[in-house]
Amino acid sequence: MSIIERALDKLEKQRDVSPPAEGETTVGDIKVLDPRPDLEKDSSSTRPAFTPSALELRALEQVHVAPAAPAEPEAAAGGETTPPRSSREVTIDLERLTELGMLTPDNPQSTLSEQMRRIKRPLLSKLEEGASEYTNLIMVTSALPGEGKTYTSINLAISIAMEMDRTVLLVDSDVAKSDITKSFGVEATRGLTDCLEDENLDLSEVMLKTNIPKLSILPSGSHHAKMTELLASGGMKKFIDDVSKRYSDRVVIFDSPPVLVTSGAGVLASLVGQVVFVVHAEKTLASEVKDALKQLNRRQNIGLVLNRSREWGGAKGKYGYYYYYGRD
């Protein structure tokens with residue numbers, strides 16, 4: 001008699017002696033829990049609707065099979081469990097962005113869209129060349145407030161997110177104003193400063209996924225009186241390494257404070273690979289531009305964007321030309 005026939009014979013003998021309890025199958029002296037105890041039973045018989053095959057019976061002579069236990073959360077150091085981390089999703093009002101004169105993915109052929117293409121192409125070219133380790137980190141700044149740096153940051157981020165092979169993280173590093181979340185009409189209590197203060201806080205816990213494909217936001221976070229010191233800390237360098245290397249297709253855009261208002265912009269400029277410097281065509285003085293550029297690292301890839309240039313954009317001019325200021 002084969003091993004399969006012996007197993008079947010044992011099963012029949014056990015059934016003749018005493019029927020198994022509901023949810024159990026007995027093979028020899030081994031009780032096996034029904035892997036699917038909630039399935040409907042055959043109404044014409046006391047036998048469960050699920051019956052092990054002959055091949056399964058052969059294995060069951062040697063092992064005890066029970067339903068798989070639910071997966072346990074990953075254990076952290078010290079035996080504590082770590083809950084799964086995920087980013088919060090927010091909805092940006094695209095109609096509101098249009099009213100504010102900003103770029104939206106559903107209007108890719110607008111004049112503004114074409115202007116942003118002229119700005120982003122040199123940036124993406126430098127990234128593809130691999131000119132430096134952090135070319136995917138782009139800081140947008142200006143000499144003084146009100147020159148259009150946040151407007152440029154948002155439009156640039158949306159434009160790059162419209163690329164076929166790029167994802168974008170837009171970081172609000174201008175903690176004093178926090179204009180990124182205000183412009184998008186979303187609320188957040190934690191962000192960049194919280195990541196820098198708490199090394200155990202993962203980026204995914206404070207990052208916001210948006211309804212614009214491939215665009216995420218990192219809010220400025222809690223107000224901090226020593227923001228410059230935070231930007232110069234080891235935590236910031238660790239953060240820079242993390243965001244620049246976590247995803248190979250990611251471009252990180254920092255909306256920075258104005259250079260002549262706070263020293264934090266100069267510190268951030270030393271950490272990123274490229275700088276976009278926004279100049280208000282009819283407002284910023286040449287001396288202010290020169291003073292601001294002196295505070296930036298001249299070895300960086302620094303590009304100038306002329307904002308609200310009527311010569312280039314007509315009566316409602318937005319952007320003029322873009323060129324590289326330096327890299328000695």
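- The distance from atom CG of D241 to atom CE of M236, rounded to the nearest 0.5 Å, is 10.5 Å.
- The distance from atom CD1 of I180 to atom OG of S220, rounded to the nearest 0.5 Å, is 9.5 Å.
- Within the 4.5 Å cutoff, the side chain of L169 has heavy atoms near those of the S216 side chain.
- In this structure, S233 OG and M227 CE are separated by 8.5 Å, a value rounded to the nearest 0.5 Å.
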Please walk me through it: do L123 and L156 pass side-chain contact (heavy atoms from CB on, under 4.5 Å)? CA-CA 10 Å; L123 298 169; L156 180 61; 3.8 Å; yes
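- Within the 4.5 Å cutoff, side-chain heavy atoms of L170 are placed close to those of I154.
- Grouping the Ile, Leu, Val, Met, Phe, Trp and Tyr side chains by contacts below 4.5 angstrom, directly or via other members, places L260 apart from V275.
- Between D174 and K182, no side-chain nitrogen of the basic residue sits less than 4.0 Å from a carboxylate oxygen of the acidic one, so the salt-bridge criterion is not met.
- Grouping the Ile, Leu, Val, Met, Phe, Trp and Tyr side chains by contacts below 4.5 angstrom, directly or via other members, places M102 with M162.
- Interatomic distance, R166 CZ to S248 OG, rounded to the nearest 0.5 Å: 8.0 Å.
- One distance of note links CD1 of I217 with NZ of K209; it measures 13.0 Å at 0.5 Å rounding.
- By the 4.5 Å heavy-atom criterion applied to side chains, L97 and I158 are counted as neighbours.
- For the pair D242 (side chain) and K238 (backbone), a donor-acceptor distance under 3.5 Å is absent.
- Salt bridge status for E197 with K226: absent, with no side-chain N to carboxylate O gap under 4.0 Å.
- Counting only heavy atoms from C-beta outward, the side chains of L100 and Y151 never approach each other to under 4.5 Å.
- You'll find the side chain of L218 reaches within 4.5 Å of the side chain of V206, heavy atoms only.
- In this structure, L268 and S173 approach most closely via the heavy-atom pair CD2-OG, 3.6 Å.
- The only member of D179, T141, D255 that meets side-chain hydrogen bond (donor to acceptor under 3.5 Å, both in side chains) when paired with K149 is D255.
- Residues I160 and I253 are in side-chain contact: their nearest non-hydrogen atoms beyond the backbone lie under 4.5 Å apart.
- With rounding to the nearest 0.5 angstrom, the CZ atom of R190 is 8.5 Å from the CG atom of D198.
- Looking only at atom types and distance, the side chain of S222 has a donor-acceptor partner in the side chain of D194 under 3.5 Å away.
- V272 is listed as a side-chain neighbour of F254, based on a closest heavy-atom distance under 4.5 Å.
- Between the N307 side chain and the E147 main chain, a donor and an acceptor come within less than 3.5 Å of each other.
- I212 is listed as a side-chain neighbour of L94, based on a closest heavy-atom distance under 4.5 Å.
- Note: the hydrophobic cluster containing L201 also contains V252 (ILVMFWY, side chain heavy atoms under 4.5 Å, direct or indirect links).
- Linking ILVMFWY side-chain heavy atoms closer than 4.5 Å, directly or via other members, places L124 and L112 in a single hydrophobic cluster.
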(message) For a side-chain contact (heavy atoms from CB on, under 4.5 Å) check, start with the C-alpha distance between L271 and Y134, then their side-chain angles and the critical distance, and finish with the verdict.
(response) CA-CA 8 Å; L271 299 174; Y134 299 117; over 6 Å; no
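- A salt bridge is absent between E99 and R96: the closest approach of a Lys/Arg side-chain nitrogen to an acidic carboxylate oxygen does not fall below 4.0 angstrom.
- A donor-acceptor pair under 3.5 Å is absent between the side-chain atoms of S159 and the main chain of N155, judged by distance alone.
- Within 6.0 Å of CD on E163 lie more than 12 heavy atoms contributed by other residues, nucleotides or ligands.
- In this structure, the side chain of Q274 engages the main chain of T135 through a donor-acceptor pair within 3.5 Å.
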Test log, rule side-chain contact (heavy atoms from CB on, under 4.5 Å), inputs T210 and F184: CA-CA 10 Å; T210 75; F184 282 134; 6.0 Å; no
One pair to check against side-chain contact (heavy atoms from CB on, under 4.5 Å): V251 and L127. What are the steps and the verdict?
CA-CA 9 Å; V251 176; L127 195 159; 3.7 Å; yes
